[in-house]
Amino acid sequence: MAGTGIFSEILDGDVYKYYADGEWKKSSSSKTVAIINPTTRKTQYKVQACTQEEVNKTMETAKTAQKSWAKTPLWKRAELLHKAAAILKEHKASIAECLVKEIAKPAKDAVTEVVRSGDLVSYCAEEGVRILGEGKFLVSDSFPGNERTKYCLTSKIPLGVILAIPPFNYPVNLAVSKIAPALIAGNSLVLKPPTQGAVAALHMVHCFHLAGFPKGLISCVTGKGSEIGDFLTMHPAINCISFTGGDTGISISKKAGMIPLQMELGGKDACIVLEDADLDLVAANIIKGGFSYSGQRCTAVKVVLVMESVADALVEKVKAKVAKLTVGPPENNCDITPVVSESSANFIEGLVMDAKQKGATFCQEYRREGNLIWPLLLDNVRPDMRIAWEEPFGPVLPVIRIGSVEEGIHHCNASNFGLQGCVFTKDINKAVLISDAMETGTVQINSAPARGPDHFPFQGFKDSGIGSQGVTNSINMMTKVKTTVINLPTPSYTMG
Ligand SMILES: NC(=O)C1=CN([C@@H]2O[C@H](COP(=O)(O)OP(=O)(O)OC[C@H]3O[C@@H](n4cnc5c(N)ncnc54)[C@H](OP(=O)(O)O)[C@@H]3O)[C@@H](O)[C@H]2O)C=CC1
Ligand SMILES: O=C(O)[C@H](O)COP(=O)(O)O
């Protein structure tokens with residue numbers, strides 16, 4: 001159970017401690033931050049509100065720990081990561097329990113998130129050993145005017161201290177997707193977990209603690225992003241920020257210093273459906289893509305752009321599947337569970353009311369109880385409606401009927417987002433042309449958008465992000481290139 005057994009060390013009374021310098025600590029602020037259970041709308045957990053002084057101390061220890069960690073052999077770093085992954089998986093039930101209570105993730109999906117995270121950590125350890133063990137060797141006579149007098153040796157070295165800020169919807173998986181690459185590459189890491197999801201993240205961090213990483217190498221400071229966020233992201237000790245979340249990432253990018261940034265932000269993933277598509281496959285993917293975890297995935301299908309000639313048939317199929325979705329508490333493994341907060345539910349309702357006023361067709365009756373919103377398909381959505389462009393991050397999906405493929409591509413590209421998109425057609429040649437025309441980081445052909453599997457590259461264009469994630473890209477991103485050039489007094493050529 002959460003906060004008991006091996007996890008009792010991380011709890012003080014009813015407040016979870018923060019983690020710095022290899023120890024679980026109480027903040028001197030004597031202030032706490034409440035985590036509201038989205039289902040009961042009551043306080044479920046409390047975490048420490050860390051002070052700026054505590055952040056300063058954490059950064060200092062992170063800097064010191066990184067210096068010796070960079071000298072730790074790669075195979076040893078990998079060994080510790082494998083150990084952490086095993087501990088994480090062993091304690092999946094306690095961590096999943098937190099995900100259910102803090103972010104209303106359906107119980108089964110919560111367990112999947114933890115197991116997937118363990119797998120990611122192990123994969124990262126293996127990949128790191130492979131790619132960081134390799135460098136480049138260049139000779140000078142490949143550039144005009146040079147003889148072979150210079151040998152250039154290139155290797156990847158750590159950046160220093162990485163600041164990781166994940167969002168509420170995958171507080172464990174999107175934390176380890178930053179932690180594991182940072183550590184294998186020889187960096188130290190300071191985690192600022194999302195407030196909703198902080199307790200799951202603290203349990204996950206304890207698994208790293210139990211694995212035996214050196215003191216100060218990983219830290220986890222808690223507090224509201226709106227209060228300590230700027231202090232963290234503008235801290236002079238930080239050498240890189242890896243952030244996943246909403247528009248907050250855009251303002252962080254503007255304020256951050258001259259350091260590498262990895263930003264994975266919002267999306268408005270379009271699903272383009274052509275006349276020849278297998279409509280049963282499309283409907284199944286719209287349900288999975290649009291409604292899993294109640295639409296609270298950056299990669300959720302967020303607008304369907306369907307050719308008018310097949311729109312009636314598709315909408316009927318999706319409607320039939322929506323009717324079968326179960327709605328209720330995450331503990332019961334319902335398909336649709338309460339959205340993360342009251343303000344999020346109010347925002348979603350605002351989009352729905354705007355669409356109603358402007359004449360969208362409601363395929364189901366709009367229904368809400370507290371933070372629980374019943375799944376809703378909105379047909380005949382037009383570009384003047386907010387839902388055509390904004391991401392609800394909830395179980396509400398707009399359908400726009402299009403007269404041509406070009407119209408669909410145009411709508412997709414007119415968005416300020418460019419995360420993923422998908423196209424359904426039996427004609428692979430057409431699919432490739434459409435994929436090339438869509439201004440998004442990834443296009444899925446005949447399947448809903450998805451970040452996973454976690455070793456695939458994952459990137460957003462435009463307001464959806466900077467850089468690319470996925471295990472390999474994240475490891476590379478958290479390193480810098482160092483070269484050493486050996487200068488020979490005379491040219492040297494091997495004879496073969
Ligand atoms: N592209 C991608 O991979 C993904 C994108 N997202 C996007 O994230 C959004 C939903 O997630 P949500 O958690 O609400 O996103 P937010 O941007 O609100 O929060 C993300 C993280 O930033 C923290 N934060 C808040 N303010 C600051 C600040 N000033 N400085 C530094 N950190 C801060 C939050 O902490 P606190 O909780 O304490 O406020 C949280 O840990 C959606 O737009 C979604 O599309 C989500 C998942 C994946
Ligand atoms: O935050 C998100 O929504 C995730 O990055 C989506 O991951 P998934 O597509 O693998 O569920």
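Just so you know, ligand 1 is whichever comes first in the structure, and atom 1 is the first atom listed for that ligand. Just so you know, these numbers use all the heavy atoms, side chains as well, and skip hydrogens, waters and symmetry mates.
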Practice item. Check whether any heavy atom of Lys192 sits under 4.0 Å from an atom of ligand 1. Key: yes
Review point. Between Gln48 and Thr222, does any side-chain donor sit less than 3.5 Å from a side-chain acceptor?
Key: no
**Study point:** Any Gly223 heavy atom less than 4.0 Å to ligand 1
**Key:** yes
Review point. Among the heavy atoms of Phe243, does any lie under 4.0 Å from an atom of ligand 1?
Key: yes
Review point. Any side-chain donor-acceptor pair under 3.5 Å between Glu54 and Thr51?
Key: yes
Check your understanding: Is there a side-chain contact between Arg451 and Phe456 (heavy atoms, below 4.5 Å)?
Key -> no
Point to revise | ligand 1-proximal atoms of Glu264, by part, heavy-atom distance under 4.0 Å | key: both
Check your understanding: Looking only at heavy atoms, is any part of Glu391 under 4.0 Å from ligand 1, and if so is it the side chain, the backbone, or both, or is it neither?
Key -> side chain
Exercise for review: For this output row, return yes or no: ring centroids of His206 and Tyr19 closer than 6.0 angstrom.
Suggested key: no
**Study point:** Nearest neighbour in protein (non-hydrogen) for atom 15 (O) of ligand 1
**Key:** Gly246 N, 3.4 Å
Point to revise | Per-atom contacts of ligand 1 with Lys224, taking only distances under 4.0 Å to non-hydrogen atoms | key: 38 (O)
Study note, to complete from the structure: So CG of Leu99 and NZ of Lys92: to nearest 0.5 Å the spacing works out to 13.5 Å
**Study point:** Name of the residue among Val301, Ile336, Asp335 meeting side-chain contact (heavy atoms from CB on, under 4.5 Å) with Phe291
**Key:** Ile336
Review point. At a 4.0 Å threshold, what atoms of ligand 1 neighbour a non-hydrogen atom of Asn169?
Key: 46 (C), 47 (C)
Review point. After noting the C-alpha distance and the side-chain angles of Glu390 and Lys268, does the key distance pass the salt bridge (Lys or Arg N to Asp or Glu O under 4.0 Å) rule?
Key: CA-CA 7 Å; Glu390 295 179 42; Lys268 187 70 185 172; over 6 Å; no
Check your understanding: Of Arg297, Lys108, Lys105, Lys89, which is the lone residue that meets salt bridge (Lys or Arg N to Asp or Glu O under 4.0 Å) with Glu113?
Key -> Lys105
Practice item. Assess whether atom NZ of Lys462 is packed by more than 12 heavy atoms of other residues, nucleotides or ligands within 6.0 Å. Key: yes
Point to revise | Partner of Phe208 by side-chain contact (heavy atoms from CB on, under 4.5 Å), out of Leu191, Leu189, Leu81 | key: Leu81
Exercise for review: Could you tell me the residue and atom name of the protein heavy atom closest to atom 18 (O) of ligand 1, and the distance to it rounded to 0.1 Å?
Suggested key: Thr248 OG1, 3.8 Å
Practice item. Report the nearest protein non-hydrogen atom to atom 13 (O) of ligand 1: residue, atom name, distance rounded to 0.1 Å. Key: Phe168 N, 3.1 Å
Exercise for review: Would you mind listing which atoms of ligand 1 come within a distance below 4.0 Å of any non-hydrogen atom of Pro166?
Suggested key: 21 (C), 40 (C), 41 (O)
Check your understanding: Among protein heavy atoms, which lies nearest atom 23 (C) of ligand 1, and at what distance?
Key -> Ile165 CG2, 3.7 Å
**Study point:** Stepwise salt bridge (Lys or Arg N to Asp or Glu O under 4.0 Å) test for Lys358 and Asp384
**Key:** CA-CA 8 Å; Lys358 293 175 182 160; Asp384 64 325; 5.5 Å; no
Point to revise | Identity and separation of the nearest protein heavy atom to atom 38 (O) of ligand 1 | key: Thr195 OG1, 2.6 Å
With a cut-off of 3.5 Å and sequence neighbours excluded, list every side-chain donor-acceptor pair involving residues 256-265.
{"residue": "Gln262", "atom": "OE1", "partner": "Ser242", "partner atom": "OG", "Å": "2.7"}
{"residue": "Gln262", "atom": "NE2", "partner": "Ser468", "partner atom": "O", "Å": "3.2"}
{"residue": "Gln262", "atom": "NE2", "partner": "Ser474", "partner atom": "OG", "Å": "3.1"}

Exercise for review: List the steps and the verdict of side-chain contact (heavy atoms from CB on, under 4.5 Å) for Val273 and Val423.
Suggested key: CA-CA 6 Å; Val273 186; Val423 54; over 6 Å; no
Practice item. Could you tell me which atoms of ligand 1, counted from 1 in the order shown, lie closer than 4.0 angstrom to a heavy atom of Gly229? Key: 28 (C), 30 (N), 31 (C)
Check your understanding: Are Asp230 and Lys255 close enough, and set up right, to give a side-chain contact (heavy atoms from CB on, under 4.5 Å), and what steps lead you there?
Key -> CA-CA 8 Å; Asp230 281 355; Lys255 289 186 248 176; 2.8 Å; yes
Review point. What part of Asp247 sits under 4.0 Å from ligand 1 if we count only heavy atoms: the side chain, the backbone, both or neither?
Key: neither
Check your understanding: Near ligand 2, which residues have a heavy atom under 4.0 Å away from one of its atoms?
Key -> Arg116, Asn169, Tyr170, Leu174, Arg297, Cys298, Thr299, Ala450, Arg451, Gly452
Revision key, fill the gap. Among non-hydrogen protein atoms, atom 7 (C) of ligand 1 lies closest to Gly245 O, 3.0 Å
Practice item. With heavy atoms only and a cut-off of under 4.0 Å, state how Phe393 meets ligand 1: side chain, backbone, both or neither. Key: side chain
**Study point:** Side-chain donor-acceptor pair present, Trp24, His209, cut-off under 3.5 Å
**Key:** no
Review point. Is Ile162 close to Ser188 at the side-chain level, that is, under 4.5 Å between some pair of heavy atoms?
Key: no
Study note, to complete from the structure: Taking only non-hydrogen atoms of Leu265 and a 4.0 Å limit, the atoms of ligand 1 in range are 1 (N), 2 (C), 4 (C), 5 (C)
Review point. Which ligand 1 atoms does Phe458 reach within 4.0 Å, using its non-hydrogen atoms?
Key: 3 (O)
Review point. Heavy atom under 4.0 Å from ligand 1: found in Thr244's side chain, backbone, both, or neither?
Key: both
Review point. How far is atom 24 (N) of ligand 1 from its nearest protein heavy atom, and which residue and atom is that?
Key: Gly225 CA, 3.7 Å
Practice item. Measure up the Phe393 and Phe168 rings against each other and bin them: parallel (under 30°), tilted (30 to 60°), perpendicular (over 60°). Key: perpendicular
Study note, to complete from the structure: So the atoms of ligand 1 within less than 4.0 Å of a heavy atom of Ile252 turn out to be 30 (N), 31 (C)
